[in-house]
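Below is one structure, written out as structure tokens; comments come after it.
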There are 2 protein chains.
Amino acid sequence: MSAQPRTARGTRTRARLLAAAEDVFASAGYHDASIVKITEQAGIGLGTFYLYFAGKQEIFDEVVDDLNARVRHAMTEAARAAGTRLEAERAGFRAFFRFTAEHPALYRIIRQAEFVSPAAQRRHYEKIVRSYVHGLAAAQEAGEVRPMDPEVAAWALMGMGELFGMRYILWEAEDRGADGSRVEIPDRVLDELMGIIQRGLAPAPAPADRPREDGSHE
Amino acid sequence: MSAQPRTARGTRTRARLLAAAEDVFASAGYHDASIVKITEQAGIGLGTFYLYFAGKQEIFDEVVDDLNARVRHAMTEAARAAGTRLEAERAGFRAFFRFTAEHPALYRIIRQAEFVSPAAQRRHYEKIVRSYVHGLAAAQEAGEVRPMDPEVAAWALMGMGELFGMRYILWEAEDRGADGSRVEIPDRVLDELMGIIQRGLAPAPAPADRPREDGSHE
DNA sequence: GTTCAACATGAAAGGTGATTCAGGTTACGG
DNA sequence: CCGTAACCTGAATCACCTTTCATGTTGAAC
């Protein structure tokens, strides 16, 4: 069983292991990510690992949950600043793509979770959907989204985001090689995406971009 | 280097290995899928494996390409029978979900390809997108799809399909356990999905379900 | 400045699995 | 009914990894 550290030193060590694990899992994959590699990357002795984690699987689970919390935080934080639902959606997606660009580990690790820790993977997707449903249901009450099952819509949105992140962020970054330039979603692509979402969710016969007129706001 | 079989016997052996590999990769995962397990499942001697494949990675790649060809075939075949674009879309998705239900290996293997064989994974997604783009561009010329980048739309459709397959087929199957009942996409969910797609891609200010009136047809 | 939890360490035990290879077996053309 | 090319086999080799544990170090309370 993993032990929680009891002093500041221990806390630091544990955090270093977690960060190193994220790195190594993302670049080497679960199988090739040996405990030796993780502890080396963390600059920590091999045996120390087992003071804080029961084993490879356990630290993997924690890495997943950690990434999940961070990406959701980035998205909701970005969406919170926006006014209309559409703006919030756009800001949320943009934050998601930015997070993907800065932490390719997210994808690489979630994908592997399919086998390494199906439960953690499921938790990840379900938590994101829950956020979406929350936002969509509110927008629905405000009349900004047509009547529909918000959960189904949430899976649709997440699906689009996931593949766009893969195609337009990760692949793009791979193709550019290590030239350091930050990959961002092209505006053209984000516009098309928002176009589909807007039309797909808008109430009535798709008012396109007409702003709300009753002064209500969220 | 893998050798192609030169006799009927060899061809059969190779095919058995491929089928066994799909099974084992899907149920055990790449790492735990030992060559021993694959050859045992195929009812073939361990050493024989290396007559036909250079190693684990190579047979994995072939399994990916094989699954890809089969799922695309299932989708285009189903779509071919349909009349309008929307019907084709629906039929294609239904075929995809059916294939997913019958071959959970598709997901489990594609996901793992993230690390095992990124190139094969990319090939998989790109080939599917290519099919979609083809169909969407044709529908566009026929005025059934609004002006937009068909490739971007293709990624959006594929993303929705992918997550719906995971959520409403695979997870559902897992939750039901091994009770043998065939998992199908609920009509309610498929309707919602098609609703989003229809509105997202339809020309003009989203005529909802109004059929085309000029008599043109594809 | 002593004491003792808490923390840190890496050699070694105990496993597992990919791949090779030397030696059979099969079956078809002649 | 041979001869031989294609095919088949699994014990043995080699490489690598997780986890344990006996021992050493740190630092904060007193």
Side-chain angles (χ1 to χ4, degrees), chain A residues 1-63 109 112-113 115-117, chain B residues 1-64 109 112-113 115-117 120:
Chain A
M1 220 105 324
S2 74
Q4 288 306 312
R6 233 149 290 196
T7 70
R9 180 164 60 136
T11 304
R12 209 183 330 124
T13 301
R14 192 174 198 282
R16 279 217 258 155
L17 282 169
L18 219 42
E22 183 183 314
D23 260 26
V24 178
F25 282 138
S27 65
Y30 183 80
H31 173 234
D32 288 341
S34 63
I35 308 297
V36 174
K37 277 183 190 159
I38 293 174
T39 50
E40 263 172 9
Q41 164 95 6
I44 280 173
L46 170 56
T48 307
F49 177 89
Y50 291 91
L51 289 180
Y52 300 106
F53 301 97
K56 217 162 115 168
Q57 160 97 36
E58 192 181 285
I59 197 174
F60 182 86
D61 271 39
E62 260 195 60
V63 169
I109 285 173
Q112 293 183 84
F115 274 90
V116 179
S117 183
Chain B
M1 221 101 328
S2 75
Q4 290 304 315
R6 234 150 288 196
T7 70
R9 179 164 62 137
T11 304
R12 208 181 333 124
T13 301
R14 192 175 197 281
R16 278 216 258 158
L17 282 170
L18 220 42
E22 182 184 316
D23 258 26
V24 177
F25 281 138
S27 65
Y30 184 79
H31 174 233
D32 288 342
S34 63
I35 307 298
V36 174
K37 276 183 192 161
I38 294 174
T39 51
E40 263 174 7
Q41 164 99 5
I44 279 173
L46 170 57
T48 307
F49 177 89
Y50 292 92
L51 288 181
Y52 299 106
F53 301 96
K56 215 163 121 171
Q57 159 98 35
E58 193 181 284
I59 198 175
F60 182 86
D61 271 39
E62 261 195 59
V63 168
V64 170
I109 285 173
Q112 293 183 86
F115 274 90
V116 179
S117 183

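Letters go in sequence order (proteins before strands), and every chain restarts at 1. Hydrogens, waters and symmetry mates play no part in the numbers below; they use all other heavy atoms, side chains included.
Each of Lys56(B) and Gly47(A) has a nearest nucleotide on DNA chain C; the 5'-most of these lies closest to Gly47(A). The nearest heavy atom of DNA chain D to Gly55(A) and to Phe49(B) marks one nucleotide each, and the one closer to the 5' end goes with Phe49(B). In terms of position on DNA chain C, the residue among Leu46(A) and Thr11(A) whose nearest nucleotide sits closer to the 5' end is Thr11(A).
At dA5(D), none of the side-chain N or O atoms of Thr7(B) fall inside 4.0 Å of OP1 or OP2 (strictly under the cut-off). Phosphate contact (OP1/OP2 of dC21(D), side-chain N/O of Tyr50(A), threshold under 4.0 Å): absent. The shortest distance between the side-chain N/O atoms of Arg9(B) and the OP1/OP2 oxygens of dC7(D) is not below 4.0 Å. Regarding contacts with the backbone of dC8(D), a side-chain N or O of Thr13(B) is found under 4.0 angstrom from either OP1 or OP2.
As a whole-Å value, the separation of Arg16(A) CZ from dC7(C) C1' is 13 Å. The separation between Phe53(A) atom CZ and dT18(D) atom C1' is 16 Å, rounded to whole Å. When rounded to the nearest whole Å, the span between CG of Asp32(A) and C1' of dG17(C) equals 13 Å. The distance between atom CG of Leu51(A) and atom P of dC21(D), rounded to the nearest whole Å, is 13 Å. Rounded to an integer number of Å, the gap from CZ of Arg6(A) to P of dC4(C) is 18 Å. At whole-Å resolution of the value, CG in Leu17(A) and P in dC7(C) are 13 Å apart. A straight line from CD1 of Ile35(A) to C1' of dC16(D) spans 14 Å, rounded to a whole angstrom. Here dG17(C) presents its P atom at 6 Å from NZ of Lys37(B), a figure rounded to the nearest Å.
For the side chain to side chain contact (heavy atoms under 4.5 Å, CB included) with Gln41(B), the lone residue among Val36(B), Leu17(B), Val24(B) that qualifies is Val24(B).
Across every non-hydrogen atom of Gly55(A) and Phe49(A), the tightest pair is O-CZ, 3.7 Å.
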Run the numbers on Ile35(B) and Tyr50(B) for side chain to side chain contact (heavy atoms under 4.5 Å, CB included), then give the verdict.
-> CA-CA 10 Å; Ile35(B) 307 298; Tyr50(B) 292 92; 3.7 Å; yes
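Out of dC7(C), dA18(C), dT9(D), the shortest distance to the side chain of Ile44(B) is found at dT9(D).
In this structure, Thr48(A) reaches the bases: a heavy-atom distance under 4.0 Å links it to at least one base atom across the strands shown. Contacts of Ala33(B) with the nucleic acid, taken as non-hydrogen atoms under 4.0 Å apart, involve only primed sugar atoms and P, OP1 or OP2.
Side-chain contact check for His31(B) versus Phe115(A): every heavy-atom pair is 4.5 Å or farther apart.
Taking the six-membered ring where tryptophan is involved, the planes of Phe60(A) and Tyr30(A) are perpendicular, since the angle between them exceeds 60° and thus also 30°.
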